[in-house]
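Just so it is clear, the values below take in all heavy atoms, side chains as well, and ignore hydrogens, waters and symmetry mates. What you see is a predicted model, and the numbers here were worked out from it, not measured in a lab.
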Amino acid sequence: MERSVLVPASVVLALACAGLEPTPTVCDGLDERLVGITRAEYAPCAGEMLAALDTLQRYLRRMVSRQDSAARPIAEEAYRRLRRLMGDVSFTADSWRELRGGAGPTTQRWPDGAIRYFNREIGIATAQYMSALRRPNAPNLQEGSRHHQQARSAYAQFR
């Protein structure tokens with residue numbers, strides 16, 4: 001009797017896990033590039049990051065200003081989407097390396113200064129928004145918004 005229960009359960013589990021594979025994004029494959037990511041290659045990905053950041057900001061504002069608890073799940077989903085896109089590019093590791101004073105692979109992967117500046121501003125905005133998401137507060141939201149706007153300005157230079 002136990003075997004008949006285990007077989008259907010394992011089939012259900014296998015089917016459920018099969019559906020967990022992440023859907024492709026416009027950023028896929030950029031993490032594998034070691035040199036020279038161009039503006040043309042990066043612009044669609046950067047645009048998706050800004051769209052996720054826009055959604056996150058919109059719902060964070062609702063959380064902070066109106067104490068709107070219904071906004072939290074949407075903000076969390078936008079944050080997960082943004083983190084996924086950033087992971088697909090893997091510029092977070094490059095940003096940390098650059099912050100610690102190392103150039104090397106960072107400038108090789110991202111030779112364009114506007115793109116490096118965009119990445120830096122997206123990273124800072126994301127960190128500030130994450131803080132506001134974890135504990136809704138105006139200072140983190142405002143600082144995130146400032147870096148978000150700077151990322152948007154950098155994006156306009158290479159779009």
Side-chain angles (χ1 to χ4, degrees), residues 20-159:
L20 295 178
E21 189 169 315
T23 57
T25 71
V26 295
C27 300
D28 284 342
L30 291 176
D31 63 333
E32 298 167 5
R33 295 281 307 275
L34 299 177
V35 293
I37 297 174
T38 67
R39 291 178 177 201
E41 293 168 324
Y42 193 46
C45 177
E48 285 289 317
M49 285 186 214
L50 280 173
L53 211 58
D54 291 344
T55 301
L56 178 55
Q57 180 190 51
R58 183 172 41 257
Y59 286 94
L60 281 175
R61 285 184 195 275
R62 290 175 61 182
M63 287 173 57
V64 170
S65 65
R66 299 184 203 140
Q67 302 300 320
D68 184 359
S69 62
R72 180 173 286 283
I74 300 167
E76 288 173 342
E77 179 56 35
Y79 177 74
R80 282 190 296 276
R81 169 97 175 126
L82 178 59
R83 293 295 300 171
R84 164 92 194 283
L85 293 167
M86 291 168 71
D88 287 348
V89 174
S90 78
F91 76 71
T92 305
D94 292 335
S95 297
W96 280 112
R97 194 171 20 260
E98 193 170 280
L99 283 172
R100 288 183 291 198
T106 304
T107 55
Q108 290 172 2
R109 282 191 78 212
W110 310 102
D112 190 308
I115 293 175
R116 283 196 315 275
Y117 182 70
F118 171 85
N119 288 350
R120 178 182 175 274
E121 295 304 311
I122 282 282
I124 294 169
T126 301
Q128 291 294 327
Y129 285 166
M130 180 200 63
S131 294
L133 181 61
R134 297 295 178 246
R135 188 172 191 187
N137 67 85
N140 284 122
L141 177 59
Q142 290 168 350
E143 188 65 14
S145 294
R146 188 172 69 79
H147 289 282
H148 181 169
Q149 185 56 42
Q150 290 176 5
R152 182 168 299 293
S153 295
Y155 175 70
Q157 292 180 26
F158 68 83
R159 182 174 65 108

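- Among residues two or more places apart in sequence or in another chain, the side chain to side chain donor-acceptor pair (under 3.5 Å) test is passed with Asp54 by His148, Arg152.
- Distance check: Glu48 CD to Leu85 CG gives 6.5 Å after rounding to the nearest 0.5 Å.
- For the pair Tyr155/Glu121, no side-chain contact is recorded, criterion being any heavy-atom separation below 4.5 Å from C-beta on.
- Counting all heavy atoms, side chain and backbone alike, Asn137 lies closest to Arg135 at ND2-O, 2.6 Å.
- Taking both residues in full, the closest heavy atoms of Ala52 and Ala78 are given as O-CB, 3.8 Å, listed atom of the first, atom of the second, then distance.
- Judged as a side chain to side chain contact (heavy atoms under 4.5 Å, CB included), and not counting sequence neighbours, Ala127 has no contacts.
- The shortest heavy-atom contact between Met63 and Pro136 is CE-CG, 3.6 Å.
- Residues meeting the side chain to side chain contact (heavy atoms under 4.5 Å, CB included) test with Gln157, sequence neighbours left out: Ala114.
- In this structure, CD1 on Ile74 lies 6.0 Å from CZ on Arg62, to the nearest 0.5 angstrom.
- Residues passing the salt bridge (charged side-chain N to carboxylate O under 4.0 Å, His left out) test with Arg80 are Glu77, sequence neighbours excluded.
- Expressed to the nearest 0.5 Å, how far CD of Glu41 lies from CD1 of Ile115 amounts to 8.5 Å.
- Formation of a donor-acceptor pair under 3.5 Å by the Arg72 side chain with backbone atoms of Leu133 is found in this model.
- Going from atom CG of Leu82 over to atom OG1 of Thr126 covers 4.0 Å, rounded to the nearest 0.5 Å.
- Of all heavy-atom pairs between Cys27 and Val89, the closest is CB-CG2, 3.7 Å.
- Here the closest heavy-atom approach between residue Leu53 and residue Ile122 is recorded as CD2-CD1, 3.6 Å.
- Scanning for salt bridge (charged side-chain N to carboxylate O under 4.0 Å, His left out) contacts around Glu143 gives Arg146, with sequence neighbours left out.
- Residue pairs meeting the ring pair (Phe, Tyr, Trp, His ring centres under 6.0 Å) criterion with at least one member in residues 51-84, sequence neighbours excluded, do not occur.
- Rounded to the nearest 0.5 Å, atoms CZ (Arg84) and CE (Met49) are 11.5 Å apart.
- Looking at every heavy atom in both residues, Tyr129 comes nearest to Ser145 through OH-CA, 3.2 Å.
- The line from OG1 of Thr55 to CG of Leu60 is 10.5 Å long, rounded to the nearest 0.5 Å.
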